[in-house]
Trainee: 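Structure below; questions to follow.
Lettering of chains follows the sequences in order, A, B, ..., and the numbering in each one begins at 1.
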Protein chains: 2
Amino acid sequence: MPVTETVRETSTPHTMDQPDTGHLCRLLAHVPLLEGLDPGELARFARGVREQHVDKGAVLFHRGDPCHGFHLVLCGQIKLAFTSAEGQEKVIEIMRPGQSFGEAVMFMEKPYFVMAQALTDSRLLHIAKSVVFEEMDRDPTFCRRIIAGLSQRLHHLIADVETYSLLSGRERIVGYLLREEESSGEPGLCGRVSIRLPTSKGTIASRLNLTQEHFSRILHELAEAGLIVVEGRTIHIPDIERLRTTGARY
Amino acid sequence: MPVTETVRETSTPHTMDQPDTGHLCRLLAHVPLLEGLDPGELARFARGVREQHVDKGAVLFHRGDPCHGFHLVLCGQIKLAFTSAEGQEKVIEIMRPGQSFGEAVMFMEKPYFVMAQALTDSRLLHIAKSVVFEEMDRDPTFCRRIIAGLSQRLHHLIADVETYSLLSGRERIVGYLLREEESSGEPGLCGRVSIRLPTSKGTIASRLNLTQEHFSRILHELAEAGLIVVEGRTIHIPDIERLRTTGARY
DNA sequence: GCCGAACCTTGATTCCGGTTAACTCCCGGA
DNA sequence: TCCGGGAGTTAACCGGAATCAAGGTTCGGC
């Protein structure tokens, strides 16, 4: 029998106890979108926020589900994807802690058109539409943050389109590795670094618009060329500069 | 010698005469983003607006150019595209009258990362960053419109990603034709319609992530199957329902 | 009416990447 | 301990779409 996949709500709006609100406020204070708001504002926000614990594999929402707010990842990983008529899946993005998703759909008052599924046991916040709209009426700078966030998202998406349409599979993988390295701090000395893939290779392959098999093949090629060393989910890069310059060459 | 491609500015901010402002206000009144604003607000806006006439082939901005506002198409067509290192071009979108572009870049305070080029002689408005930001501070409903617009844009882009990654070339073309038909009013009776491609086949091919050659071939296939009749830039669809249902089949 | 330039089509060929199908490895549970 | 399943790898094969290379069409300018 399958493991029961659940989405547990730790707190529900309008029924929170004082300690709970304090807990939420502490969490909210670190949300990029809300950074710098004063405690009163945060408390107002907390009314519409609930914490969610989702098990690995659990689906937060399907395409077509109504949207009542947006989500913010506290820990774990959530994948956004759509599924074709023939059942094959394409991962759009893998959301990591600190990132939020679902805002655009919320503002459009339309149902979700992608699905969200937990790749690992995760904890997230759900912020209700109502408190967002209230805060927008009240605070113009909050609007600015939202606009900035949406613009940023748009930029990333266009960059993705560019990646998909102009780069070969190999180039996309090399680009991914380099970006992954950059965002993972820089503990590597003299060009030697190791990065750990955030999730299964199959999922990352889909994120890069490749099949699992092709992804595997390219990793093998890169390894053969001495550009990387694959060790399970960990990838060692002996010379990152060389990967950057010769990674695209066949 | 090449035809001189120019961008002419009909009016410059802060130096307009009264008739000019009136002219601009009349234009602005029909902009989706500004619909319903009262005359006073429109007049404030007009200060930062200038009308542009661009010849076919003229480039509005290149990747890397600084962004000082956003653009709105009054008539003509503008293509947004990026160019790969090897010089090949990918069209992201073909902007038509009533559509605007460049907002996201403006809000990010970064240079453009795509280029914009006129496909035909076109007329557009340039709305300066400054008046947009002023109006945002003044009018929360204006913020809402911007947010709605950005959300919409994001949605379209994700739909494009879905199209690129999950649909075959043939399916993309059929989808394009059906959408084009829908948006062009519905003068067709009993399933018979004709649509005129908005620009050259090469450009549309790029918009759909296909080479010109492949695009041509697929049109030929569809014609052979009796699903369409190609007559230069005009495409006749004898039975739109049949195209919808059997267009994807080989 | 002729010429050149875009634009489009067509055919031959190549190749990137998807499909299919074993097979291995690893891990967790009964 | 054995089993089963998910993840990953590998290899053979296939096919959609790109590339290369000619032609053909259309159209505006002189």
Side-chain angles (χ1 to χ4, degrees), chain A residues 1-5 56-57 79 84 86-91 117 119-120 163-174 196-206 208-224 228-235 248-250, chain B residues 1-5 55-57 79 84 86-91 117 119-121 163-174 196-206 208-224 228-235 248-250:
Chain A
M1 104 198 67
V3 178
T4 49
E5 298 161 348
K56 170 174 178 171
K79 100 179 161 201
S84 77
E86 298 81 46
Q88 61 180 331
E89 184 177 279
K90 154 72 182 141
V91 175
Q117 186 178 26
L119 291 173
T120 66
T163 292
Y164 295 148
S165 36
L166 255 32
L167 268 44
S168 70
R170 183 160 175 161
E171 291 170 313
R172 296 205 291 276
I173 292 184
V174 170
R196 187 165 174 75
L197 300 181
T199 182
S200 78
K201 293 185 183 172
T203 302
I204 293 171
S206 172
L208 297 175
N209 241 0
L210 295 168
T211 57
Q212 187 170 202
E213 293 89 334
H214 196 207
F215 184 76
S216 178
R217 244 175 290 172
I218 293 176
L219 279 192
H220 188 81
E221 281 173 26
L222 291 173
E224 230 169 27
I228 62 173
V229 176
V230 181
E231 189 188 330
R233 255 181 211 185
T234 304
I235 305 221
R249 284 237 341 106
Y250 182 57
Chain B
M1 103 198 68
V3 177
T4 49
E5 299 161 348
D55 292 336
K56 171 174 177 169
K79 100 177 161 201
S84 76
E86 299 82 44
Q88 62 180 329
E89 185 178 279
K90 154 71 183 142
V91 175
Q117 186 178 25
L119 291 172
T120 66
D121 291 356
T163 292
Y164 296 147
S165 37
L166 254 32
L167 268 43
S168 70
R170 183 161 174 159
E171 291 170 313
R172 296 205 290 277
I173 292 184
V174 170
R196 187 163 174 77
L197 300 181
T199 182
S200 78
K201 293 185 184 173
T203 303
I204 293 171
S206 172
L208 298 175
N209 242 358
L210 296 168
T211 58
Q212 188 171 208
E213 294 90 331
H214 196 208
F215 183 76
S216 178
R217 259 183 271 265
I218 292 176
L219 279 191
H220 189 81
E221 280 172 29
L222 290 173
E224 230 169 24
I228 62 173
V229 176
V230 181
E231 189 188 330
R233 245 175 222 191
T234 305
I235 307 228
R249 285 236 341 105
Y250 183 58

Trainee: With side chains defined as the heavy atoms from C-beta onward, is the minimum distance between A:K201 and A:L219 less than 4.5 Å?
Mentor: yes

Trainee: Return no unless some side-chain N or O of B:T211 is found under 4.0 Å from OP1 or OP2 of D:dA18.
Mentor: yes

Trainee: Is there a donor in the side chain of A:T203 and an acceptor in the side chain of A:S200, or the other way round, less than 3.5 Å apart?
Mentor: yes

Trainee: For D:dT9, take OP1 and OP2 only and decide whether either is under 4.0 Å from a side-chain N or O of A:K201.
Mentor: yes

Trainee: Tell me: NE2 of B:H214 to C1' of C:dC7, nearest whole Å?
Mentor: 19 Å

Trainee: Does any N or O in the side chain of B:D121 come within less than 3.5 Å of the main-chain N or O of B:K56, such that one atom is a donor and the other an acceptor?
Mentor: yes

Trainee: Of all the nucleotides listed (D:dA17, C:dC7, D:dG8), which has the minimum atom distance to the side chain of B:Q212?
Mentor: C:dC7

Trainee: Round to a whole Å and report the spacing from CD of B:E213 to C1' of C:dA6.
Mentor: 14 Å

Trainee: Could you work out which one of D:dA18, D:dA7, C:dT10 sits closest to the side chain of B:S216?
Mentor: C:dT10

Trainee: Between A:R233 (CZ) and D:dG6 (C1'), how many Å, whole number?
Mentor: 11 Å

Trainee: Kindly say if A:H220 contacts the phosphate of D:dT10, meaning a side-chain N or O under 4.0 Å from OP1 or OP2.
Mentor: yes

Trainee: Round to a whole Å and report the spacing from OH of A:Y164 to P of D:dA18.
Mentor: 18 Å

Trainee: Atom CD of A:E231 and atom P of D:dA7: how far apart are they, to the nearest Å?
Mentor: 20 Å

Trainee: So, do A:I173 and A:L210 sit near enough that their side-chain heavy atoms are less than 4.5 Å apart?
Mentor: yes

Trainee: Would a 4.5 Å heavy-atom cut-off, applied to side chains only, mark B:I235 and B:L222 as touching?
Mentor: no

Trainee: With side chains defined as the heavy atoms from C-beta onward, is the minimum distance between B:E171 and B:S168 less than 4.5 Å?
Mentor: yes

Trainee: So which protein nitrogen or oxygen atoms get under 3.5 Å of nucleotides 24-30 of chain D's nitrogens or oxygens?
Mentor:
none

Trainee: Less than 4.0 angstrom from a charged side-chain N to a carboxylate O is my criterion; do B:E89 and B:K79 meet it?
Mentor: yes

Trainee: Write down the distance between CZ (B:R172) and C1' (D:dA18), rounded to a whole number of angstrom.
Mentor: 12 Å

Trainee: Starting from P on D:dG6, measure out to NZ on A:K56 and report it in whole angstrom.
Mentor: 11 Å

Trainee: I want to verify a distance call: between C:dT9, C:dG17, C:dA12, whose nearest atom is closest to the B:R217 side chain?
Mentor: C:dA12

Trainee: Would you mind reading off the distance between A:L210 atom CG and C:dG18 atom P, rounded to a whole angstrom?
Mentor: 6 Å

